[in-house]
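Report on the structure given below.
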Amino acid sequence: MQDFPKRFDSATAEPLIYDKWVASGGFSPSMESQAEARSILMPPPNANGALHLGHAYEIAIQDTLIRYWRMRGYKTLWQPGADHAGFETQYVFDRKLEKEGRNRFSIPRAELYQEIYDFSIANQAVIRQQFERMGASADWSRFRFMLEPDLVKTVYKTFKQLYDDGLIYRAKRPVHWCIKDQTTLSDLEVTDQEQTDKLYYLTYGPVTVATVRPETQFGDVAIAVHPEDERYKDLVGTTVDVKMAHQTVSLPVIADDYVNREFGTGALKITPAHDPNDFEIAQRHNLDLPIVIDQYGKLTDQCGQFSGMKIADARAAVVAELESLGVVEKIEAYPHTVKVCYKCNRLIEPRIIDQWWLSLTKPSQSKQKSLRDLAVGAVASGETRFITERYENQFHSWMESVRDWPLSRQIVWGIQLPVWYAKDGSVVVTEGEEPANASELTRDSDVFDTWFSSCQWPFSTLGNHNDDLETFYPTTAMTPGYELIFFWVARMMMLGIYTQGKSPYKVVMLHGIVRDGKGQKMSKSKGNTVDPLATADQYGADAIRLALLYGTAPGTDPTASEEKIRGMRNFGTKVWNIARYITMSKSADAKSEFIPVTDADHTVIKQLHSTIATVTQALDDYQLHIALESLYQFIWRDVADVYLEKTKDQLQNETTKLTTEGNLVYVLDTILRLLHPFAPFVTEALWSEVMPGQPLLLVSQWPEVTNG
RNA sequence: GGGCGAUUAGCUCAGUGGUAGAGCAGCUCGUUUACACCGAGAAGGUCGGGGGUUCGAAUCCCUCAUCGCCCACCA
């Protein structure tokens with residue numbers, strides 16, 4: 001073939017190859033097949049942004065496994081979809097509204113919902129195209145969106161089941177509240193931030209208390225000391241008069257083990273409505289919960305002249321007043337950690353409000369076990385295995401101290417709770433349908449935490465498509481980023497085991513965060529991000545995938561520099577030219593058949609067999625980097641540098657010419673199969689050149705070691 | 001305050017008991033019809049420090065140091 005170009009034109013060829021794959025139907029599992037089923041659920045990407053290298057990395061891992069399994073002959077499903085990504089999307093949309101000078105609180109609920117819905121659907125299409133550009137061989141005919149009615153129905157059914165089983169309850173308890181975003185957040189959605197505040201030592205009657213939040217003093221209900229603290233022994237049980245910024249207040253002095261004698265003065269003011277620890281103490285001592293800060297971060301009307309002030313202003317004003325009263329004894333700089341909203345980084349305000357909770361530690365009536373214990377049991381028994389093992393330790397230690405999960409969020413974008421309230425305070429929970437007397441009831445306006453539905457993704461998608469649940473559940477592997485181990489992995493196991501009786505996946509392979517060539521985290525502000533789409537056009541999607549997988553051990557952070565991507569592009573070109581050489585050297589009718597004659601033949605077939613064994617074993621063990629490195633070395637060093645050079649003589653020699661041609665084709669044939677899961681495009685392109693008339697490489701058979 | 005991980009060639013990282021590896025960068029030479037997005041050759045590491053186990057340790061154990069991550073209600 002004289003028209004065999006010197007290089008693979010990835011930018012032009014890759015999209016065309018992708019179209020061929022789609023047209024072939026090869027991404028869909030053959031349901032008639034009797035083979036063992038293998039499956040991965042594509043973590044539903046948030047439909048609110050563009051593809052980044054993190055997506056590309058996840059695609060590389062999953063697509064490599066999927067393509068490998070498909071070639072091994074398993075009944076293989078990669079189930080794609082999109083999440084509504086509740087708060088994440090709402091947050092993005094809120095910023096968009098802000099730019100337009102609008103505000104979500106002034107838009108009618110149904111209208112706002114529809115706007116976000118359209119926004120989300122539009123982004124979904126974009127994201128999906130980008131996944132396709134990376135070569136994702138997902139079964140798009142099964143694409144599901146989290147808010148499709150049957151998936152929502154599944155979520156409602158689970159909620160009702162958990163409710164009837166005694167695991168879901170509504171309670172007034174302290175929650176993390178974001179003033180900016182006006183919603184509750186779970187423990188996982190707040191992060192620690194170090195900052196230096198002031199610690200105020202205030203005269204509280206006969207004692208001194210230390211506090212960073214003097215503006216909450218209007219909500220104080222007691223002074224707490226340690227029961228064995230000699231300094232305050234005589235005061236416990238008495239009531240003392242405290243000069244506050246608005247008036248003098250009588251507070252009881254109570255004793256509680258929680259108080260640390262070493263800290264501050266050993267005396268603690270108790271503000272139960274605005275501090276989770278104080279709340280616990282107040283519960284133990286039957287104290288009131290006066291609310292003095294509202295949901296917007298302003299002081300309530302119980303705060304005298306400070307009513308209506310914002311927290312920061314109130315603090316300054318209260319301190320000024322207290323100073324004039326002569327009750328500020330000392331002010332110290334106080335470095336400590338505070339909780340902030342993981343999205344907007346603003347200070348979290350603890351609030352005591354009614355929320356719906358899912359108990360993770362209480363045994364259910366039906367199963368006599370808690371959700372936590374169900375998940376822990378699946379890991380302990382080996383039903384679900386973590387790669388790498390150290391994440392298993394993290395999983396267990398988190399589970400040990402896990403707390404109940406607040407399910408309700410005060411946003412519009414999401415699945416609204418199937419909960420109605422009657423005037424008499426009674427509650428109706430359904431599987432989503434309106435109660436008969438709905439007109440007399442008020443529906444809860446909250447929506448579910450997005451993770452509540454995400455964690456049902458395995459059975460909500462599979463369970464609503466023919467026999468998929470039976471065939472593909474439990475799925476084979478899940479490969480999320482390690483930051484999702486608690487958000488998603490652990491909770492998905494709980495709900496999966498609870499509803500299906502089996503853990504949703506056999507293997508959890510956690511991966512790291514993509515870093516730049518210097519090992520730095522990528523971020524827009526640092527300007528070190530790599531746009532996968534632009535890079536795919538320049539170097540090919542194969543090159544990106546290879547760069548992300550090469551040299552990355554499971555659970556560690558991959559690095560992807562332009563140099564590394566270019567290097568992997570060069571590897572693709574090397575493979576391309578191996579094929580070019582072989583194609584130009586052989587006769588048109590040369591068969592793919594290995595007959596070793598020369599020493600070089602014997603050497604290369606031995607290396608080939610050993611490579612097949614290594615790559616196969618490594619892929620079975622989820623050691624993608626080992627498989628890839630072994631292939632890279634074999635292809636470039638053993639085949640290109642050594643064997644091909646030897647064959648230049650062998651092809652000139654009439655006694656070895658024919659067998660050498662067959663050997664070359666055989667080696668190439670095998671290389672293309674082995675490399676296909678990692679670099680699907682270039683291998684498929686060469687396959688159609690070298691093996692014309694054959695079915696697509698996509699659905700070809702994985703090589704096996706033969707005794708030849 | 002707990003728990004975990006990392007420390008290997010200039011840079012980024014593989015390698016978990018048996019004679020030190022890759023990619024990128026760099027050096028010397030080479031435009032021979034597979035490939036200059038290349039080839040040949042050379043160079044480069046007492047595998048963080050110290051101690052121990054072993055016939056043998058980058059790999060197992062102890063300890064120290066530095067960096068990083070996760071979890072945690074001390075006002």
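Numbered from 1 within each chain, the chains take letters A, B, ... in sequence-line order.
In this structure, Lys269(A) reaches neither bases nor backbone, as no heavy-atom distance under 4.0 Å exists between it and the strands shown. Contact annotation for Leu199(A): no contact, since no heavy-atom pair falls under 4.0 Å across all strands. Among the atoms of the strands shown, none is found under 4.0 Å from any heavy atom of Ala224(A). Contacts of Asp641(A) with the nucleic acid, taken as non-hydrogen atoms under 4.0 Å apart, involve only primed sugar atoms and P, OP1 or OP2. Using a 4.0 Å heavy-atom criterion, one finds that Lys648(A) contacts the bases of the nucleic acid, with or without backbone contacts as well. Residue-level contact check: Gly266(A) touches the bases, meaning some heavy atom is under 4.0 Å from a base atom. Lys574(A) comes within contact range of at least one nucleobase, with a heavy-atom separation under 4.0 Å. Phe571(A) comes within 4.0 angstrom of no nucleic acid atom, judged by non-hydrogen atoms across all strands. Among the protein residues, Glu645(A) comes within range of the nucleic acid bases, having at least one heavy atom under 4.0 Å from a base atom. If you check every strand for non-hydrogen atoms under 4.0 Å, Phe263(A) touches a base. Nucleic acid contact for Tyr334(A): sugar-phosphate only, since backbone atoms but no base atoms lie under 4.0 Å from a heavy atom of the residue.
With distances taken from any side-chain atom of Arg637(A) to the nucleotides G39(B), C73(B), C74(B), the minimum falls on G39(B). In this structure, the nucleotide among C35(B), A14(B), C71(B) sitting nearest to the side chain of Ala553(A) is A14(B). Distances from the side chain of Arg403(A) to the nucleotides C73(B), A75(B), C37(B) place C73(B) closest. Relative to the side chain of Thr573(A), the nucleotides A75(B), G23(B), C35(B) differ in distance, and C35(B) lies closest. Closest approach to the Lys6(A) side chain among C35(B), C38(B), A14(B) is made by C35(B) (side chain taken as heavy atoms from C-beta onward). When the nucleotides A75(B), A34(B), C73(B) are ranked by their closest atom to the side chain of His336(A), A75(B) comes out on top. Listed nucleotides: A22(B), C74(B), C35(B). Nearest to the side chain of Glu629(A): A22(B). Comparing A75(B), A22(B), C24(B) by their closest approach to the side chain of Val259(A) singles out A75(B).
Between A75(B) and A6(B), the distance separating the two C1' atoms is 36 Å to the nearest Å. Taking atom P on both nucleotides, G18(B) is separated from A72(B) by 40 Å, rounded to a whole Å. C24(B) sits 14 Å from A14(B) when the C1' atoms are compared, rounded to a whole Å. Taking atom P in both A20(B) and U59(B), the straight-line distance is 13 Å, to the nearest Å. For the C1' atom pair drawn from G48(B) and C67(B), the interatomic distance equals 11 Å after rounding to whole Å. If you take atom P in G17(B) and the same atom in A40(B), they sit 32 Å apart, rounded to whole Å.
One finds no side-chain N or O of Asn577(A) lying less than 4.0 angstrom from the OP1 or OP2 phosphate oxygen of C38(B). Listed pair Thr552(A) / C13(B) fails the phosphate criterion, with no side-chain N or O lying under 4.0 Å from OP1 or OP2. OP1 and OP2 of C74(B) both lie 4.0 Å or more from every side-chain N or O belonging to Arg261(A). For the OP1/OP2 pair of C35(B) and a distance below 4.0 Å, the side-chain nitrogens and oxygens of Arg580(A) include at least one atom meeting the criterion. When the side-chain nitrogen and oxygen atoms of Trp636(A) are compared with OP1 and OP2 of C38(B), none of them lie within a distance under 4.0 Å. The side chain of His625(A) contributes no N or O atom lying less than 4.0 Å from OP1 or OP2 of A22(B).
Figure legend. A34(B) is base-paired to no nucleotide; pairs are counted as Watson-Crick or G-U wobble with both atom distances under 3.5 Å. The base-pairing partner of U66(B), taking Watson-Crick or G-U wobble contacts with both distances under 3.5 Å, is A6(B). Here C74(B) sits opposite no nucleotide as a Watson-Crick or G-U wobble pair (both hydrogen-bonding atom distances under 3.5 Å). Checking G21(B) for Watson-Crick or G-U wobble geometry (two distances, each under 3.5 Å) identifies C13(B) as its partner. Base pairing analysis places U54(B) opposite nothing; no Watson-Crick or G-U wobble pair with both distances below 3.5 Å involves it. G39(B): Watson-Crick or G-U partner is C29(B), with both key distances under 3.5 Å.
Distance CG (Leu651(A)) to P (A34(B)): 11 Å, rounded to an integer number of Å. For Phe487(A) and C70(B), the CZ to P distance is 11 Å, given to the nearest whole Å. A straight line from CD1 of Ile635(A) to C1' of C38(B) spans 17 Å, rounded to a whole angstrom. The distance from atom CG of Leu624(A) to atom C1' of A14(B) is 14 Å, rounded to the nearest whole Å. The CG-C1' distance, from Asp557(A) to G68(B), rounds to 10 Å in whole Å. Protein atom OH of Tyr550(A) is 12 Å distant from nucleotide atom C1' of G15(B), rounded to whole Å. Taking atom CD of Glu563(A) as the reference point, atom P of C13(B) lies 14 Å away to the nearest angstrom. Whole-Å rounding puts the Tyr632(A) OH to C13(B) P distance at 18 Å.
Salt-bridge formation is detected for the pair Asp557(A)/Arg515(A): a Lys NZ or Arg NE/NH1/NH2 atom is positioned less than 4.0 Å from an Asp or Glu carboxylate oxygen. Remark: Lys564(A) does not engage Glu562(A) in a salt bridge, criterion side-chain N to carboxylate O under 4.0 Å. Ion pair Glu661(A)/Lys586(A) not flagged as a salt bridge, since none of the NZ, NE, NH1 or NH2 atoms sits closer than 4.0 Å to an Asp/Glu carboxylate oxygen.
Remark: Lys648(A) qualifies as a cation-pi partner of Tyr581(A) under the 6.0 Å distance and 45° angle criteria applied to the six-membered ring. Annotation: cation-pi pair Arg173(A)/Trp357(A) present, NZ/CZ under 6.0 Å from the ring centroid and within 45° of its normal.
For the 3.5 Å distance criterion, the side chains of Ser186(A) and Glu189(A) qualify, holding a donor opposite an acceptor. Judged purely by distance below 3.5 Å, without hydrogens or angles, the side chains of Gln650(A) and Thr660(A) pair a donor atom with an acceptor atom. Side-chain polar atoms of Glu194(A) and Thr337(A) form no donor-acceptor pair below 3.5 angstrom. Side chain to side chain, Asp373(A) and Ser370(A) meet the donor-acceptor criterion of an N or O pair below 3.5 Å.
Pairs passing the side-chain hydrogen bond (donor to acceptor under 3.5 Å, both in side chains) check and including a residue from residues 545-556 of chain A, sequence neighbours excluded, read Asp63(A)-Arg545(A).
For Asn577(A) (side chain) and Arg580(A) (main-chain N/O), no donor-acceptor pair under 3.5 Å exists by modelled atom type.
Residue whose closest nucleotide on RNA chain B sits further toward the 5' end, between Trp398(A) and Leu644(A): Leu644(A). Positionally, the nearest nucleotide of RNA chain B for Lys518(A) lies more toward the 5' end than for the other of Lys518(A) and Gln623(A).
Of the inter-residue distances, the one linking Thr64(A) atom OG1 with Leu549(A) atom CG reads 5.0 Å to the nearest 0.5 angstrom.
Counting atom types as modelled, Arg566(A) pairs no side-chain N or O with a base atom of C37(B) as donor and acceptor under 3.5 Å.
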Polar atom pairs between nucleotides 2-8 of chain B and protein, under 3.5 Å, N or O only, would you list them?
none

